[in-house]
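Below: the structure, in structure tokens.
In what follows, every chain begins at residue 1, and chains take the letters A, B, ... in the order their sequences are listed.
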Amino acid sequence: GNSVTQMEGPVTLSEEAFLTINCTYTATGYPSPFWYVQYPGEGLQLLLKATKADDKGSNKGFEATYRKETTSFHLEKGSVQVSDSAVYFCALSGILTGGGNKLTFGTGTQLKVEL
Amino acid sequence: GAVVSQHPSRVICKSGTSVKIECRSLDFQATTMFWYRQFPKQSLMLMATSNEGSKATYEQGVEKDKFLINHASLTLSTLTVTSAHPEDSSFYICSARGLAGAFEQYFGPGTRLTVT
């Protein structure tokens with residue numbers, strides 16, 4: 001089956017610092033990678049996604065490029081803000097038996113941004 | 001749009017009792033709902049997938065008689081943890097998907113279950 005490995009946290013950065021959260025995966029077939037974000041007290045929200053090799057997903061200043069040759073989908077942001085403090089989950093789609101899609105998640109990386 | 005709620009947000013129960021957790025899609029009809037379990041500092045692990053009006057499909061290793069899932073309407077799915085034990089203490093998260101064939105899942109805020 002699929003598996004997702006992402007860097008452990010917590011990651012603590014100063015405001016306006018550069019962020020990278022690494023995510024690598026093992027998978028069969030043609031999976032699609034995602035980044036989800038969970039703000040304190042809220043549910044997971046889709047942050048960005050990619051559907052094919054070399055696709056770059058972007059949203060709210062965050063970017064990630066789907067690299068099939070390195071099986072990676074690292075999350076980056078050039079200048080983080082305090083409001084970006086949250087837990088970030090890398091996930092990979094797979095195919096459920098009988099159709100549909102299921103997600104395989106990484107362990108999550110907590111980001112703390114300080115003034 | 002696409003809001004999913006869970007109730008309760010936290011529950012404490014005694015060992016041997018049963019607990020029901022509700023998952024509701026508030027502004028859309030959910031043809032498919034997913035139930036996940038999350039241990040501290042670990043991944044979300046898919047427990048089961050339920051389609052409205054049919055039996056849930058459980059992931060390997062998940063006891064279907066212990067974790068009863070009902071998806072009786074397009075806006076409500078319930079997870080009942082039967083005869084709960086301390087090892088069932090965990091964070092349970094549901095998600096819902098709208099149109100058949102659509103991919104995106106919308107997640108609830110989770111329910112923290114503590115079994116004493």
* **Among B:Ser95, B:Ser9, B:Pro109, residue most engaged with chain A (heavy-atom pairs, under 4.5 Å)** => B:Pro109

* **Salt-bridge contact B:Glu22-B:Arg24 (side-chain N to carboxylate O under 4.0 Å)** => yes

* Asked: chain A heavy atoms under 4.5 Å from B:Gln6: which part of the residue, side chain, backbone, both or neither?
  -> neither

* Asked: Where do A:Val87 and A:Val37 land on the side-chain contact (heavy atoms from CB on, under 4.5 Å) test, with the steps shown first?
  -> CA-CA 6 Å; A:Val87 180; A:Val37 59; over 6 Å; no

* Salt-bridge contact A:Lys49-A:Asp55 (side-chain N to carboxylate O under 4.0 Å) -> no

* Asked: With sequence neighbours left out, which residue pairs that include part of residues 71-94 of chain A fulfil the salt bridge (charged side-chain N to carboxylate O under 4.0 Å, His left out) condition?
  -> A:Lys77-A:Asp84

* So which part of B:Tyr36 gets closer than 4.5 Å to some heavy atom of chain A, the side chain, the backbone, both or neither? -> side chain

